[in-house]
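First up is the structure itself, then whatever we jot down about it.
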Amino acid sequence: MATRAAPGGLVGRLLALLTRLRAAGGKRLADVIATLVIAIFAAGAATWLSTTLPLRFVENLTYDFRLAWGAPPPQRDFVIVKMDDAATQAMSASSACHCLAPIDKAWLGDLIAALDAKGVKAIAVDYLLDTWSSPEEFQDFERRIAGVRAPLIAVVDPARKPGVDFPVSKKVLYADARALMHVDYDDIIRKYDPRPSQYPAFATQVAMAISDRPLPTKPFDIRYRQPDPEVKAENAGAIAPSYSAAFVSFLPAPLLQGKIAFIGSVTRAATEDSDTPKEDMHTTPLRFRPGHTQGTPGVEVHAHALSQMLAGDRVKRPGPVWDALMALVAALAGALLGRSTQRWWISVAIVMLGAGVLLVSAFILYDQTALMAPMVPPLLSFAFGFFVLSRLAAAELQTQRAFYSSTLERYLAPQVIDRMVDGREEVKIGAEAREITVMISDLENFSTLVATLPLDTFSEVINAYFDGVIDILWKHEAMIDKMTGDGIIAIFGAPVASTDHADRAIACAREIDLYALEIRERMIGRGIKFGYTRMGLSSGIGLVGNFGGERRFNYTAYGEVVVIAARLEAANKTFGTRILFSGETLKLARNEMPIEAVGDIDLKGVPVPISAYTMRADPA
């Protein structure tokens, strides 16, 4: 049997350290310490690697996916008044210059007044009202909105000073236009700044105008809402019903009454291949949902932030301590599972299953509690812990294989050793009835050899003889039950069951016979009186298994089949043969061979006569 070298490299050093720990503090304590240390290093390595660009991408991807598909429903409090192609053309037609940009303030004033007349709760204008072509334009705008009762919020550039760089309207609540935050390398809007300057953010100013609830003062993660399920066609994906600003005056009042109306540029198209130019569109986590693959209108992002403020919910983050603890727990789980398997495909399957469980659990956790747990550090920690401990367990098993092979192969058949180290059969006391063939051999004149040969010569002769016989036995997959001084008891068909055990036993006996004749001839040439090797073979049902006490047992066979083989071996002397086998062995053998019937013979301890056969070969 070939043995494997002990593992080297990092795994070999870890195994050597584990061995020393076990010697110092016991196996259980050493295993606990090793598992904990490896889990800590795995969690630390995973946490550090998660800060690298490729893994940040993966973390952001899982974050965005959960945010998009675990989004809560929006309040039914909003309406989007969109500046689309129809609205732009209507504005151009009504303005004196027929311009498309900037937005015509007189037309905008009339739109605001029309919305107020429909009974809206508030009007939020996502256009800069800090640039006027003349004082007359501002005064005209003031006249048009003079009767507006709903709170009116508009954005300005915070770098421009009110009253100095632009006139201030008492009707307008001004907000900072810069609330959407790009906080990562991928330029995706995930955060909102409620107070980016001396002005509140757009959504914050609207919330302050219509609600008394406490509002966030620091940047927060936007918890995006589900699209309105009733919004279809080119508006699909919008957080609320969307109407073109060109048709506001024709809309029934109940559609707008009590709603917060956001006025802004919306260039979402009905089809992905639309030629409509995309303006004020931002990449958001909602890009996984229909209607947002090409971006989310900026005015809708503000509506999402306002919806979150009014609902009072937020995306919950565990915090650094809990993040580290989750990574450590995942690493420990991977490490503990890693000690239970060594096959590579099982390892990969367990890691894939662990990743799937983590993904599903994280999605459910966000969907139910709004808790956004990190994904990459726990997943990497689990994988690192699992693979390190599984490789360590495999290296330990490899070392055990080497030990068993080098220590036990001198005494046990290779099949028994393989079953022990591979774990395919538990080594236990017990037996089973199995069809086997038993072969028992004996060396003639053994006592004479012991008495007449010097010790060194005897040792050389007998060891050479048994080396050759054992090689032949193992070649034919025999299990050597025991060696009895000058003889061997071998079993075919156990511990590994086989259907050709009789054929292998007969072929093995013939080959041993030829080998024994050859070595006898050589020994006689040296003046050594080396006798014939006599063998008896018998087939039948025997009890095979581990027999003995709890502390010491031996894999062997019992039953009449063993008794018959022993008696046939002894009967060779009576009939002048070297090989005798029973009729049962002949019956089970499938291969043809030159045989000769000896007849039915009475054997001691066997109640009925046994049909015996032999294979003759002229002695040298």
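Being a predicted model, the structure only gives us computed values, none of them experimental. For this chain, numbers begin at 1 and follow the sequence in order.
Between Ile260 and Val206, the closest side-chain pair of non-hydrogen atoms falls below 4.5 Å. Considering only heavy atoms from C-beta on, Thr296 stays 4.5 Å or farther from Met281 through its side chain. Side-chain contact between Tyr199 and Pro162 is present, with heavy atoms from C-beta onward closer than 4.5 Å. Residues Val544 and Thr556 have side chains not in contact (no heavy-atom distance under 4.5 Å, counting atoms from C-beta outward). Side-chain atoms of Arg213 and Leu215, non-hydrogen and from C-beta on, do get closer than 4.5 Å to each other. Within the 4.5 Å cutoff, side-chain heavy atoms of Ile38 are placed close to those of Leu389. Phe57 places none of its side-chain heavy atoms less than 4.5 Å from the side chain of Asp186. The shortest side-chain heavy-atom distance between Pro377 and Met326 does not fall under the 4.5 Å cut-off.
Remark: the backbone N or O of Ala331 is not paired with any side-chain donor or acceptor of Ser381 at under 3.5 angstrom. When atom types are taken as modelled, the side chain of Lys82 and the backbone of Ala245 share no donor-acceptor pair closer than 3.5 angstrom. A donor-acceptor pair is defined here as one N or O able to donate and one able to accept, closer than 3.5 Å; such a pair exists between the side chain of Arg160 and the backbone of Asp130. Gln205 places no side-chain N or O within 3.5 Å of a backbone atom of Ile153 that could act as its donor or acceptor partner. At distances below 3.5 Å, not a single donor-acceptor pair connects side-chain atoms of Gln75 with backbone N or O atoms of Gln308. A donor-acceptor pair under 3.5 Å is formed between the side chain of Ser242 and the backbone N or O of Ala240. Side-chain atoms of His292 do not come within 3.5 Å of backbone N or O of Thr284 as any donor-acceptor pair. Side chain of Thr52 to main chain of Leu49: a donor-acceptor pair is present (N/O by atom type, distance under 3.5 Å, no hydrogens or angles). One N or O on the side chain of Glu59 and one on the backbone of Val376 form a donor-acceptor pair closer than 3.5 Å. When atom types are taken as modelled, the side chain of Arg66 and the backbone of Ala370 share no donor-acceptor pair closer than 3.5 angstrom.
Contact record, Val79 with Lys259: CG1-CB, 3.9 Å, taken as the closest heavy-atom pair. The two atoms that bring Ile263 and Ile123 nearest to each other are CD1-CG2, 3.9 Å, heavy atoms only. Smallest separation of non-hydrogen atoms from Ala303 and Ile80: CB-CD1, 4.5 Å. Pro378 approaches Ala330 most closely through the heavy-atom pair O-CB, 3.2 Å. Residue Val299 comes nearest to Ser265 through the heavy atom pair CG1-O, 4.1 Å, listed as atom of the first residue, atom of the second, then distance. The two atoms that bring Arg190 and Pro285 nearest to each other are CG-CG, 4.2 Å, heavy atoms only.
A perpendicular orientation is assigned to the rings of Phe65 and Phe288, their planes being inclined by more than 60° (bins at 30° and 60°).
The distance between the ring centers of His302 and Tyr192 falls below 6.0 angstrom.
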**Message:** Test salt bridge (Lys or Arg N to Asp or Glu O under 4.0 Å) on Glu300 and Arg225; report intermediate values, then the result.
**Reply:** CA-CA 10 Å; Glu300 289 187 14; Arg225 269 39 192 173; over 6 Å; no
**Request:** Could you walk me through whether Arg178 and Asp193 pass the salt bridge (Lys or Arg N to Asp or Glu O under 4.0 Å) test, one step at a time?
**Result:** CA-CA 8 Å; Arg178 308 167 305 164; Asp193 190 347; over 6 Å; no
**Request:** Decide salt bridge (Lys or Arg N to Asp or Glu O under 4.0 Å) for Asp64 and Arg287; before the verdict, give the C-alpha distance in whole Å, the side-chain angles of both, and the deciding distance to 0.1 Å.
**Result:** CA-CA 8 Å; Asp64 293 347; Arg287 65 190 183 278; 2.8 Å; yes
**Request:** Test Tyr127 against Met83 for side-chain contact (heavy atoms from CB on, under 4.5 Å), laying out the working first.
**Result:** CA-CA 10 Å; Tyr127 281 98; Met83 289 296 294; 3.1 Å; yes
**Request:** Might you work through the side-chain contact (heavy atoms from CB on, under 4.5 Å) test for Leu473 and Ile480, ending with a clear yes or no?
**Result:** CA-CA 8 Å; Leu473 286 167; Ile480 300 174; 4.1 Å; yes
**Prompt:** Would Ser307 and Phe78 count as a side-chain contact (heavy atoms from CB on, under 4.5 Å) if you check the C-alpha gap in whole Å, the side-chain angles of each, and the deciding distance to 0.1 Å?
**Reply:** CA-CA 9 Å; Ser307 177; Phe78 310 107; 3.6 Å; yes
**Request:** Any chance you could lay out the side-chain contact (heavy atoms from CB on, under 4.5 Å) test for Met181 and Ile189, step after step, and finish with the verdict?
**Result:** CA-CA 6 Å; Met181 298 181 65; Ile189 303 298; over 6 Å; no
**Item:** Residue pair Lys232, Asp228: steps toward the salt bridge (Lys or Arg N to Asp or Glu O under 4.0 Å) verdict
**Value:** CA-CA 9 Å; Lys232 308 294 183 183; Asp228 189 319; over 6 Å; no
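In this structure, Arg289 fails the cation-pi test against Tyr224, since its NZ or CZ atom is not both closer than 6.0 Å to the six-membered ring centre and inside 45 degrees of the ring normal.
In this structure, CZ on Phe384 lies 9.5 Å from CG on Leu379, to the nearest 0.5 angstrom. Met309 CE to Phe220 CZ: the interatomic distance, rounded to the nearest 0.5 Å, is 3.5 Å. The distance from the CG atom of Leu67 to the CG atom of Leu286 is 7.0 Å, given to the nearest 0.5 Å. In this structure, OH on Tyr243 lies 13.5 Å from CG on Asp84, to the nearest 0.5 angstrom. Note that the CD atom of Glu477 and the CD1 atom of Ile491 stand 14.5 Å from one another [nearest 0.5 Å]. In this structure, CG in Leu332 is found 11.0 Å from CG in Leu337, a value given to the nearest 0.5 Å.
At a threshold of 4.0 Å, the pair Asp221-Arg317 counts as salt-bridged, since one of the basic side-chain nitrogens sits closer than that to a carboxylate oxygen.
Residues satisfying the salt bridge (charged side-chain N to carboxylate O under 4.0 Å, His left out) test with Lys482, not counting sequence neighbours, are none.
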